[in-house]
Amino acid sequence: MADLPDKTAALIDWYLAAVDAAELTDKRYPVKGMNVWTAYGLSARRNLDAVMIREIEATGSRAVEFPALIPRTEFVKESEHIKGFEDEVFWVTRGGGSDLDIPLALRPTSETAIYPIFALWVRSHRDLPLNVYQIVNTFRSDTKTTRPFLRVREIHFFEEHTCQVDESAATERVRSNLAAFRKMAEALCLPYLTIRRPEWDKFPGAFYSLAFDTPVGGAQTIQSGTVHHYRENFSRPYEIRYEAADGSQRFVHQTTFGLSERLLGAVVAIHGDAKGAVLPAAIAPYEVVIVPILAAGAGEAVLAAARGYADRLRRHGRRVHVDERDDRPGAKYYHWETRGVPLRLDVGPREAQTGTATAVDRLGRRSTVSSASLESEVHGILLDFDRTLRERARAAFTERFSVATTLPELTGSKTVRVLAWCGKEECGHAIETAIAGGLLGTPEEELPIPLGDPGPCIACGSTETPKWAIAAQPL
RNA sequence: GGGUCUGUGGGGUAGCUUGGUCCAUCCUUCGGGGUUCGGGACUCCGAGACGCCAGUUCAAAUCUGGCCAGACCCA
């Protein structure tokens with residue numbers, strides 16, 4: 001079995017090989033940026049979806065689904081939005097043998113599909129807030145190099161769209177989304193920083209955009225989600241109005257919250273090691289794989305014990321697989337380690353006889369569990385596994401930021417950089433050029449490294465309105 | 001968006017300049033058999049490819065064009 005490329009030396013090469021080896025996706029489909037979801041990968045994705053659904057529904061959001069095709073006439077109503085997306089929209093221009101009178105856009109995102117209908121749904125302040133989400137595929141004709149999960153042209157997209165009575169209610173919805181994402185990231189053991197994007201990089205049409213960025217090594221980050229405040233930018237062109245209690249007609253203030261399979265990519269990139277993927281229990285297709293060790297003569301008793309353990313764990317809601325393939329145990333260990341399974345239980349003649357199992361978690365920690373307390377011990381091991389993953393990722397997270405005080409320092413940077421920025425766009429672009437990446441924006445929360453007040457702008461030296469900002473390269 | 005390059009079994013390669021000797025080769029993968037089974041087993045038998053579509057030619061993996069996919073560089 002070929003070893004993976006070194007993760008610290010060549011992160012992207014490691015990532016591509018690790019995703020491939022874990023069989024999370026098959027990238028041989030002959031359309032650029034569109035990959036096949038394998039059974040294993042789809043299972044992980046559905047578990048990820050379940051985490052999103054659980055946390056967003058806890059905040060009162062309900063699932064809807066809108067069509068994938070949007071008439072050009074609706075698509076073009078908000079000018080900033082169109083400018084932002086027109087270069088990457090796939091158009092459907094023919095139906096059967098004839099050209100369509102009105103071309104149909106294959107949604108790159110769903111504002112323009114949803115908002116004409118929101119205008120029908122929202123009549124009164126009693127209809128508000130309107131909080132709905134959908135998990136659908138969206139399409140963007142990205143011209144850059146595509147990468148499984150991180151940059152694809154068919155995106156598995158979670159998008160919440162909301163309508164609120166006014167700006168402050170919308171701001172409150174943004175905060176609620178940030179809190180929901182905090183819980184999702186907790187389940188994925190994923191550290192991140194919430195960053196307010198600069199004006200030129202916000203979502204097209206948004207009032208402001210907040211993004212969740214996770215440093216993954218070197219100066220590189222993965223943007224794993226965004227929350228946008230739209231104010232009335234869309235409700236005006238789409239005429240989403242309501243009658244307030246005082247009888248006046250008002251436009252709603254809107255927000256959106258977007259996530260995608262990038263989260264899965266971020267999880268692989270953050271937790272994976274030299275053996276391959278490492279998946280937190282919340283999204284692992286199998287939380288536990290049982291490997292029966294079928295030494296000559298003891299086969300039946302061993303298999304019976306292994307299957308018995310699996311049944312009991314399944315009754316407790318665990319996702320369990322018994323690897324009964326005719327293969328040697330060592331080969332099976334590597335197989336499941338590459339796929340990131342959190343916990344392995346070995347059951348051989350010894351264990352079958354003593355009523356135990358040998359537990360080895362994906363971090364290589366070994367213990368013996370006894371049949372009598374199987375369910376609770378496995379539960380405890382998985383909790384500890386996630387906790388350790390979280391702590392390990394958090395420790396690495398704090399080391400992935402460093403302060404830069406001059407532009408030349410940004411060149412060839414080995415970490416994400418924290419720097420003082422005056423807020424001017426031209427200075428922002430100078431910073432982006434220097435780091436050969438992006439100015440992610442200004443952090444919305446405390447940074448993981450100690451900081452005083454920001455000094456003069458790293459680009460122009462102005463001391464008027466410097467703020468701490470983050471510069472990085474996209475993976 | 002512009003440019004350069006690449007595409008050979010499931011994965012990695014040789015062959016391409018100068019068309020025929022080539023349906024090759026190694027490590028793996030897959031199917032079957034046997035010996036095995038507590039950290040990537042061994043062995044035997046077998047399967048499997050020239051990105052796609054045209055063109056040139058007696059003859060195309062090889063030359064030409066278009067398309068698709070991928071990599072890198074520039075904007």
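Order of the sequence lines sets the chain letters (A, B, ...), proteins ahead of strands, with each chain counted from 1. Keep in mind that the numbers below use all heavy atoms, side chains included, and drop hydrogens, waters and symmetry copies.
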Using whole Å, report how far NZ of A:Lys27 lies from P of B:G51.
20 Å
In whole angstroms, the gap separating P of B:C37 from CZ of A:Arg350 amounts to 14 Å
Sort out the partner of B:G38 for me: Watson-Crick or G-U wobble, both distances under 3.5 Å, none otherwise.
none
Who pairs with B:G1 - Watson-Crick or G-U, where each distance is under 3.5 Å
B:C74
Please give the distance between the P atoms of B:C23 and B:U28 as a whole number of Å.
26 Å
Taking the same atom, C1', in B:U62 and in B:G15, what whole-Å distance lies between them?
9 Å
Which of the following nucleotides, B:G11, B:G39, B:G38, is nearest to the side chain of A:Arg366?
B:G39
Could you tell me how far B:U6 sits from B:G66 if I compare only their P atoms? Round to whole Å.
15 Å
Between B:A69 atom C1' and A:Arg153 atom CZ, what is the distance in whole Å?
10 Å
Do A:Glu337 and B:G39 have a side chain to base donor-acceptor pair shorter than 3.5 Å?
yes
Give A:Asp20 one of three labels, base, sugar-phosphate or nothing, depending on what nucleic acid heavy atoms sit under 4.0 Å from its own.
nothing
Expressed in whole Å, how much space separates the P atoms belonging to B:C58 and B:G46?
40 Å
Which of these nucleotides, B:G10, B:G1, B:G38, is closest to any side-chain atom of A:Thr143?
B:G1
Between B:C50 and B:C67, how far apart are the two P atoms, rounded to whole Å?
23 Å
Out of B:G10, B:C72, B:G39, whichever nucleotide has its closest atom nearest the side chain of A:Tyr334
B:G39
Considering only atom C1', compute the distance from B:G9 to B:A49 and round it to an integer number of Å.
4 Å
Just the rounded figure in Å: distance from C1' of B:G38 to CH2 of A:Trp336.
19 Å
When the P atoms of B:C30 and B:A14 are compared, how many Å lie between them, rounded to an integer?
24 Å
Given the structure, check if the side chain of A:Arg344 and the base of B:G39 hold any donor-acceptor pair shorter than 3.5 Å.
yes
Check the surroundings of atom NZ in A:Lys77: do more than 12 heavy atoms from other residues, nucleotides or ligands lie under 6.0 Å from it?
yes
Watson-Crick or G-U wobble partner for B:U18, using a 3.5 Å limit on both distances?
none
Taking CG from A:Leu345 and P from B:G39, how many angstroms apart are they, rounded to a whole number?
17 Å
So what's B:U57 paired with, Watson-Crick or G-U wobble, going by both distances under 3.5 Å?
none
Does a side-chain N or O from A:Arg328 land closer than 4.0 Å to OP1 or OP2 of B:G38, or not?
yes
Rounded distance in Å between the P positions of B:A61 and B:G40:
43 Å
Proximal nucleotide (of B:G38, B:G39, B:A69) relative to the A:Val360 side chain
B:G39
Closest nucleotide among B:G11, B:G39, B:G70 to the A:Lys32 side chain:
B:G70
Paired to B:G31 by Watson-Crick or G-U wobble criteria (both distances under 3.5 Å) is B:C45
Ionic contact status for A:Asp361 with A:Arg344, cut-off 4.0 Å
no
Mind checking A:Gly33 for me? I need base, sugar-phosphate or nothing, with any heavy atom below 4.0 Å counting as a touch.
sugar-phosphate
Do A:Lys332 side-chain atoms and A:Arg325 backbone N/O form a donor-acceptor pair below 3.5 Å?
yes
State whether the side chain of A:His81 and the backbone N or O of A:Pro204 hold a donor-acceptor pair below 3.5 Å, judged by distance alone.
yes
Base-pairing mate for B:U13 - Watson-Crick or G-U, with both contacts under 3.5 Å
B:A24
Please work out whether the ring planes of A:Phe257 and A:Phe158 are parallel, tilted or perpendicular, with thresholds of 30° and 60°.
perpendicular
I need the CZ-P distance between A:Arg151 and B:G70, as an integer number of Å.
13 Å
Salt bridge check, A:Glu375 against A:Arg312: does any charged N sit closer than 4.0 Å to a carboxylate O?
yes
Taking the side chain of A:Glu351 as heavy atoms from C-beta outward, which of B:G38, B:G11, B:A71 is closest to it?
B:G38
Give a yes/no on whether any side-chain N or O of A:Thr145 is located under 4.0 angstrom from OP1 or OP2 of B:G70.
no
If you find the nucleotide of RNA chain B closest to A:Lys275 and the one closest to A:Arg147, which residue's nucleotide is nearer the 5' end?
A:Lys275
Quick one: A:Glu86 CD to B:G1 P, roughly how many Å, whole number?
12 Å
Which nucleotide wins on minimum distance to the side chain of A:Ala331, given the candidates B:G40, B:G38, B:G11?
B:G40
CG of A:Asp327 versus P of B:G31: gap in Å, rounded?
11 Å
Tell me the partner of B:G7, counting only Watson-Crick (N1-N3 plus N6-O4 or O6-N4) or G-U wobble (N1-O2 and O6-N3) with both under 3.5 Å; none if nothing fits.
B:C68
The answer to which of A:Ser141 and A:Met34 contacts RNA chain B further toward the 5' end, by nearest nucleotide, is A:Ser141
Parallel, tilted or perpendicular: which describes the rings of A:His161 and A:Tyr115, with under 30° parallel and over 60° perpendicular?
perpendicular
Shortest non-hydrogen separation from A:Ile381 to A:Val369 and the atoms involved:
CD1-CG1, 3.7 Å
